[in-house]
Every structure is written in C-alpha cells, then in structure tokens.
Amino acid sequence: MQTTATLTARERAVTQTYWPLIRGYLVVSFVYYLALTIAHFFHLLGDLSVPYFFAVAPSSLLLGAMTLHCRKPGSIRQLIMVTSVVHGVVLFNTIAGLTIDFNEDKLVYFLIIAMIFAFTSLSQWQAVIASAVAMIALAFEISIHDTQRGVMYAFLALGAAIASSALSYYLRGIIISIAEAEEAAQIARTKAEKRMSEAQTSARLMKKNAMSDSLTGLPNRRAFFDVLEQQVASEAEGWVILMDLDGFKHVNDTYGHVMGDEVLKAVSFRSRRYCEDMCAMSRLGGDEFGAVLNTSMSEEELVEWAQGLLSRLAQIYPIEGRYIQISASIGCCRISHAGSETELFQNADFALLHAKRSGKNRVVTFDDEQARAFAQRFKIEQGLRSAKLKEHIWLRFQPQFCLRTNRIVRAEALARWEHPELGPVMPQLFIEVAEECGLITKLTLAVIEQAIEIVRTQGHELPLSINLSANDLNANQATDAIVRMLDEHSFDPRLLEFEVTETAMLNDLERATQNLKRLAQRGHPIAIDDFGTGYSNYEMLLSLPIDKIKIDRAFIQNPQNPRTEKILRSMVEIARALEVECLLEGVEDELGLLLARRVGLGLVQGYHISRPCSLEALHQLELYSAAG
Ligand code: C2E
Ligand code: CA
Ligand code: CA
C-alpha cells in the first residue's frame, strides 16, 4: 500500500512538473516543422524544396495532431510516448535532410539533438536510449558519407550527450524531489483540510444535536435558555411564553407512549408552523414548550396571538386512524430589563400554573401583583409540606360569651403559624393554601391534637371549638383520620365542638353530611360557621345535625342601621325554629353587645369580649374567672 501510494504521488509529481516541458517540446517542434513545411511549399529554402516538403509535411501533420490531442496532463507512459514520438520525428527529419542533401556542417544537428533528447527525456533510460539512437544515426551518416570532420562531430555529439544526460539526471532528480515534496505537502494539506472540514461538520452536527430535541426536532431547553439569555442581554422588548399540554398524561395512559410521542410530534409541527414568523418554539421537556418573542407587542396583542396558537393546537389530530384532541395552557411574562432569566422563567411558570389552576386551555400573563402573591403562596406551600409543621402550629383562643349567664362557655381554637422564612402568616392565607394543596387535614389534625390535650387537662373549665375545612369532610380518609385521632383519647366529646361553613358542605353535600354525622354521633356539638354568608339551604339546615349557628360578623357591621336589628331578629327566629343555639360573631363594642341582647341572642364572640389570646390570658379574663 505504502509503495503504491508513494509511486502514485511520485508519478503525479513527475507528470505535473514535466507536462509543460514536454508540451512545450511538442508545440515548438510542431511550429518549427510547420514553418519548414510552409517554407518548402513556397520554395523559399532552395531547389530541393519538394523532397524536403514531403519529409516535413507529414511530420508537422503528426505533431499538429498530437498537439491537439495532448491538451491535458497524462500519465508518465503517455509522456514518454509523446517525447519518444517527437524524438523520432526530429531524428527522422535530420536523417531525411542529410539523405536529400548531405552537408558535413549539418552533422552539428546531432549535437543539438543529443542535448535536446537528454533534457526532454522523462527518465535516464529514455535519455540513454534516445541519445544512443542519435549516436548510431550519426555513426551511420559518417560511415556512408565521405566526411573530414565526421569523427570530430561524433566526439562532440557524444560529449554533449553524456554531459547533457548527466546534467539532466541531476536536474531531474532535484526537480522531482521538489515536486514530490510539494506533492506530499499538498497531500498533507488536502488531508488536513479534509479532516478539518470533517471536524467542522461533526462539530456543527454535535452542536445541532445538543441544541435540539431528538423526538420533535424542535430546539431544546438549552437552546431556549440561550435565546432567552441573548434577549435579556440585548435589552430588547419581548415576551417569554411557556406552554403545557392539558391532560397529556391521559393521552399517554389511554393510547400508550408511542401514540403520546406522535401527539407531541404533531403538536410540535403545528406550533412550529404557527410561530415561524415570530419565534422558535422549543420543547423544554415532557409536554412543556417555550418560546422567546422578540417583539414590542402589547399585552392584548400577545394574548390574542397566543390564543390563536391555542385554537390552532385544539383542532383534531388524526393519528394512526384515531382522532385525538388536546388543549394547552400558556403562561407569559414580559421581558423587562430588571429580571434575570431564571426569574423571568419562574414568573412565566407562575402564570402557566395560574392558567392551569384557573381552568386550563387559556393564556395568562404575569403581572407584579400576581408575582408576589404566587411567590408567597409557593413558599407557604413548601413550608406546609415540611415534616415539622406540627411543631410550628400553635393555637390562639377566642372566648364565646353567654349573654344569659354572663360567662364564657367555650373558646374557639384558631390556628397560628410562623413560616421559618416569611415569619407569621395570616391564618386565612395559609389555610387557603393548605386547602388548595390538599394539606389542610394535616393541619386540622395538628389543631385537634393540641385541642384534645387542652380539654383533657382543663375538663369542663374550657370546652373548645374547632374549625373544619371542606376537605376534612369531603374525603372519607380525612374524616377517618380525624375520628381515629378522637378515638385514641378518652374525653367528653361535648368538650370539642366542630365548626363548619355551609359552603364547605356544598361540594359533595351527601358525603359531607354523612361525615359530619359521624362526628355528631360521637357526641361532638356541630356549629354552622359564618352563617348567612354562604348558600343557605333550608333543607340542608334540616338534614344536618346542628347544635349552633354562628352569625357572620358581616351582619353587625352597621349596628345603627334599623335593618340590622330586623335581620338579626329573624336569624334568631330561625335558630329557635331549628332548636339550635345562636351566636353572633364580630361583636366589637358595647353597642354590638347591647344589640345582641336586645334581639335575644344567646351567645356572642368578638373583640369586645376578647381578641384571640393565649390560654393563660384567657384564664386571667375577668369574665372567665367570674364564670369559674
Ligand atoms: P372564623 O372561623 O370566622 O374565625 C374567626 C375569625 O374572626 C378569627 O380570625 C378572629 O380573629 C376574627 N374575629 C374574632 N372577633 C372579631 C371581631 O370582633 N372583629 C373582627 N374584625 N374579627 C374578629 P382569624 O384567627 O384570622 O381566622 C380567620 C379564619 O381562619 C377563621 O375564620 C377560620 O375560617 C380560619 N381558621 C382559623 N383557624 C383555623 C383552623 O384551625 N382550621 C380551619 N380549618 N380554619 C381555621
Ligand atoms: Ca370559626
Ligand atoms: Ca366565623
């Protein structure tokens, strides 16, 4: 292999270097014999022009044909043949010339011929053979003609042949080695270039692979963040949009993952087509997509554009003989100079989450107010998930005051929580978040555990009231857990009352009623909280095992308004009809208290009696000790 390769390289070097020389030799010879042909044709060179013409004319014809034929460099063999033919023509014409008209001086031609042959031959062998033939021809001429200086010419020609051959031998060696070196360098260059371009191609491919998603061919998460980074750095106006398919899990579960992949591909294809002029839709992973829009679009324009995308995606997908429909939700955030990429992404993600939670198949943009609320809720959620939640929950107690006996008869236990990072969090807020993320029963159990501890130590000194959430009653497991906890301790169930709002009962009235009855049957009093604000259904009130209604504090916000008194009176009537106790919440002053007495209420609760306070503070209340 090695030898062949070097040989071809050498051959190429030789042919390339010698080609111009050989062609020059051919062309010059052709021109020379053509000129002679013309000259002899017009009898310009003496009386013997006619025989001369018949010698040179075919020579020039032959050389002309060869000149036309050999326009491109050929192989070494071809070159040797060409030179041999030209050598032959030259020799033939010299001999012909001498034969037609011998002249001793013309023997000098052999000297020139010897030199030309030596220099134009491609190898030393060719040079030696050509020179030898010329020398033989010379010897022949000398032998048949009577010459005086023939021997001298023979020696001169021989000397010229030897000298030229030796000289051309060395020259050829040098030329070939230079050509070889050049050829080798050229080969090395070509190889290097080839390798370089291969490396460039594979680097491009690698970059493309690293930046694109293999399933859909869309740019991937990395590419998305690259673009986002550039957009933020350029300080140009724009939007980040995140898109998530609604119910994609269902597609996977119902039709299998292969079909799921097809749906993803189809969604990607449509998204790419829709976004083409605006941005590049990227697949961030799973069924989540994202894009960065470099545009000064207003919020309305953006929402309209994004809604267009959603309706495009919601059209039916015919895939493998099935007809699949899927919707998506989009969250957007304006790229302002203030935010980092991560912040922008998080904000768009919050918007997306909001879109998902507020019913899906919609576009939600992110604004600052939402940002804070969401970030806070997110942290609250994380905090509530902590295993140590129980240790961070404690209780405050707000007394319920009996207007007939003038004593505190019960206290409502209200949960308090301090977030390790955010500090104390408003109960309404953390309870709402706990309800949203299904953590409320964990909280309820923590409250009940502490309340049981208190009633077990305080006994009839201090009955408590505990708030239940919709989730605590709508899921059987939640109520099971509560009942289990209650069963674990022995105490008078009348000491622990449960408060529940009408709205909490509504989700699944039947189940909630059933679960509430389980508590009532254990002997726990049941109170309807925030009475009058929710959806009051007379039938519902009749079917529930109620012991008390707690009129919401909204009803006493305008104590001077004559209507307040009328309404309160009618509520007292309802309680009487239902044969349950009636409590007014939110009694903040003397006026409220007077009103409560006037309308015939049995119980009040509110800041006027006491704010929610610690157990110790509760015991120090005058009203409490009076009761004791
Ligand atoms: P709620 O059950 O209606 O509790 C009464 C709320 O009204 C308490 O707010 C209390 O501080 C407030 N309040 C009492 N008297 C007055 C008054 O005279 N004027 C005014 N303006 N407000 C008064 P808090 O403690 O912030 O609790 C808010 C809500 O959080 C409670 O409303 C209840 O729905 C919920 N909550 C509190 N603790 C728990 C709990 O352990 N479990 C559940 N599920 N919910 C709880
Ligand atoms: Ca309550
Ligand atoms: Ca209430």
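What you are looking at is a predicted structure, and each value in this text was computed from that prediction instead of being measured. Note that ligands are numbered from 1 as they come in the structure, with each ligand's atoms numbered from 1 the same way.
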Nearest 0.5 Å please: distance from the [atom1] atom of [X] over to the [atom2] atom of [Y].
X      : Y      : atom1 : atom2 : value
Arg511 : Asn476 : CZ    : CG    : 4.5 Å
Arg598 : Leu595 : CZ    : CG    : 5.5 Å
Leu519 : Leu516 : CG    : CG    : 6.0 Å
Asn471 : Thr441 : CG    : OG1   : 6.0 Å

> Can you find a non-hydrogen atom of Glu585 under 4.0 Å from ligand 1?
Replying inline: yes
>> Checking one value in my table: which N/O/S atom of Glu412 lies closest to the Ca ion (ligand 2)?
In response: OE2
Which bit of [X] is near ligand 1, meaning a heavy atom under 4.0 Å away: side chain, backbone, both or neither?
X      : value
His608 : neither
Pro612 : side chain
Val447 : side chain
Arg416 : side chain
Ile431 : side chain

Counting both backbone and side chain atoms, is some N or O of [X] under 3.5 Å from an N or O of ligand 1?
X      : answer
Asp529 : yes
Glu412 : yes
Ala415 : yes

Are [X] and [Y] close enough for a salt bridge, meaning some N to O gap below 4.0 Å?
X      : Y      : result
Asp213 : Arg283 : yes
Glu432 : Arg377 : yes
Asp530 : Arg553 : no
Lys249 : Asp287 : no
Lys388 : Glu391 : no
Glu299 : Arg334 : no

Look at [atom] and say which protein heavy atom is nearest, naming residue and atom and giving the distance to 0.1 Å.
atom                    : result
atom 26 (O) of ligand 1 : Pro427 CG, 3.4 Å
atom 15 (N) of ligand 1 : Gln398 NE2, 2.8 Å
atom 7 (O) of ligand 1  : Arg553 NH1, 3.0 Å
atom 40 (C) of ligand 1 : Asn467 CB, 3.9 Å
atom 13 (N) of ligand 1 : Tyr607 CE2, 3.7 Å
atom 32 (O) of ligand 1 : Gln428 NE2, 4.6 Å
atom 3 (O) of ligand 1  : Asp530 OD1, 3.3 Å
atom 19 (N) of ligand 1 : Glu588 OE2, 2.5 Å

> Tyr317 ring centre to Arg270 NZ or CZ under 6.0 Å, with the angle to the axis within 45°?
Replying inline: yes
> Backbone N or O of Phe225 within a donor-acceptor pair of the Arg222 side chain at under 3.5 Å?
Replying inline: no
>> Check whether Arg456 reaches the backbone of Phe491 with its side chain - one donor and one acceptor, N or O, closer than 3.5 Å.
In response: no
> How about Asn467: does one of its N, O or S atoms come closer than 3.0 Å to the Ca ion (ligand 2)?
Replying inline: yes
>> Ignoring hydrogens and geometry beyond distance, is a side-chain donor-acceptor pair present between Glu497 and Ser465 at under 3.5 Å?
In response: yes
> Sequence neighbours excluded, which residues qualify as ring-ring contact (aromatic ring centres under 6.0 Å, His included) partners of Phe498?
Replying inline: His524
> Looking at atom 9 (O) of ligand 1, is any protein heavy atom nearer than 4.0 Å to it?
Replying inline: no
> For the Ca ion (ligand 3), which protein N/O/S atoms are closer than 3.0 Å?
Replying inline: Asp529 OD1, Asp530 OD1, Glu585 OE1, Glu585 OE2
